[in-house]
Amino acid sequence: MSQSLTKLYVHIIFHTKYSQPLIRKQDKEKLYAYIGSVLNTNKSTPIKINGIENHIHIFCLLSKNIALSKLVEEIKRHSSRWIKTIDPHYKNFAWQGGYGAFSVCPSKFDAVKKYIENQEEHHKKKDARKEYIQFLEKHQIEFDENYLWTD
């Protein structure tokens with residue numbers, strides 16, 4: 001086979017540093033659009049980006065030409081630099097050091113997209129930390145809760 005062919009759907013979640021509620025509602029759409037441009041620059045396709053004041057969900061089609069860890073690094077680096085330029089409110093803005101990423105089966109495409117679209121409504125009922133731990137457990141990812149929220 002002379003071609004490299006992939007179709008890798010990925011659901012990425014990461015929090016603000018210390019899960020601080022820093023992302024203001026009036027800035028969310030601009031932030032998500034900016035993150036979408038970072039994805040496009042890295043040849044990955046944004047499908048849905050949403051979140052609440054302390055964390056973000058990114059559903060995308062991962063490019064065959066970039067490692068997931070590098071893509072997340074690029075998203076965090078560029079978006080944290082950018083957001084600091086839009087308002088003094090964000091002068092100390094930072095993302096947490098880690099992230100969670102989960103493969104998405106094509107048959108779950110619509111369900112994941114809808115889940116991400118409804119973040120504000122969803123988090124009226126469920127705490128973001130509990131949600132994240134449930135994702136880790138559902139995907140059978142081993143973790144130490146002592147280190148999930150340290151940075």
So, do [X] and [Y] sit near enough that their side-chain heavy atoms are less than 4.5 Å apart?
| X | Y | answer |
| --- | --- | --- |
| Pro46 | Asn40 | yes |
| Lys43 | Ile66 | no |
| Glu53 | His123 | no |
| Trp82 | Val38 | no |

Interatomic distance, [X] atom [atom1] to [Y] atom [atom2] [nearest 0.5 angstrom]:
| X | Y | atom1 | atom2 | value |
| --- | --- | --- | --- | --- |
| Leu68 | Ser44 | CG | OG | 9.0 Å |
| Lys7 | Thr45 | NZ | OG1 | 9.5 Å |
| Asp27 | Tyr34 | CG | OH | 14.5 Å |
| Glu145 | Ile133 | CD | CD1 | 3.5 Å |
| Ile83 | Thr16 | CD1 | OG1 | 10.0 Å |
| His89 | Lys91 | NE2 | NZ | 11.5 Å |

salt_bridge(Lys124, Glu121) N-O dist < 4.0 Å =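 A salt bridge links Lys124 with Glu121.
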Short question: side chain of Asp127, backbone of Lys130 - any donor-acceptor pair under 3.5 Å?
->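 Yes; at least one donor-acceptor contact below 3.5 Å.
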Heavy-atom donor-acceptor pair, Lys64 side chain to Ser4 backbone, under 3.5 Å |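 It does hold such a pair.
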Contact summary for [X] and [Y], nearest pair of heavy atoms:
| X | Y | result |
| --- | --- | --- |
| Leu22 | Tyr90 | O-CE2, 3.2 Å |
| Lys28 | Glu120 | NZ-OE2, 2.6 Å |
| Val104 | Phe109 | CG1-N, 4.3 Å |
| Ile12 | Cys60 | CD1-SG, 4.2 Å |
| Leu62 | Thr6 | O-OG1, 4.4 Å |
| Leu71 | Leu39 | CD2-CD2, 3.8 Å |

Phe14 vs Ile58, side chain to side chain contact (heavy atoms under 4.5 Å, CB included): CA-CA, chis, key distance, verdict | CA-CA 9 Å; Phe14 52 85; Ile58 301 168; 3.9 Å; yes
Using the side chain to side chain contact (heavy atoms under 4.5 Å, CB included) rule, take Asn50 and Phe59 through it: C-alpha gap first, then chi angles, then the decisive distance, then the call.
-> CA-CA 9 Å; Asn50 200 7; Phe59 183 30; over 6 Å; no
Asp87 and Arg24: CA distance, side-chain angles, deciding distance, side chain to side chain contact (heavy atoms under 4.5 Å, CB included) verdict | CA-CA 11 Å; Asp87 192 286; Arg24 298 184 305 196; 3.2 Å; yes
Find out if a path of hydrophobic residues (ILVMFWY) with successive side-chain heavy-atom gaps under 4.5 Å connects Ile35 to Ile52.
->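 No, no single cluster joins them.
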Under 6.0 Å from the NZ atom of Lys84, do we count more than 12 heavy atoms belonging to anything else shown?
->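 Result for NZ/Lys84: enclosed.
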Can you name the residues that form a side-chain hydrogen bond (donor to acceptor under 3.5 Å, both in side chains) with Ser79, not counting sequence neighbours?
->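 Ser79: side-chain hydrogen bond (donor to acceptor under 3.5 Å, both in side chains) contacts with Trp95.
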Validation row, ring centre Tyr132 to ring centre Phe143 under 6.0 Å |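 No, the ring of Tyr132 stays outside the 6.0 Å limit from the ring of Phe143, centre to centre.
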Examine Lys76 relative to Tyr99 and say whether NZ or CZ is less than 6.0 Å from the centre of the six-membered ring and inside a 45° cone about the ring axis.
->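 Geometry flag: not set, cation outside 6.0 Å or 45°.
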Can you check side chain to side chain contact (heavy atoms under 4.5 Å, CB included) on His55 and Gln119, steps first, answer last?
-> CA-CA 10 Å; His55 76 280; Gln119 280 298 291; 3.4 Å; yes
Any side-chain donor paired with an acceptor under 3.5 Å for His11 and His139?
->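 Result is no, nothing qualifies.
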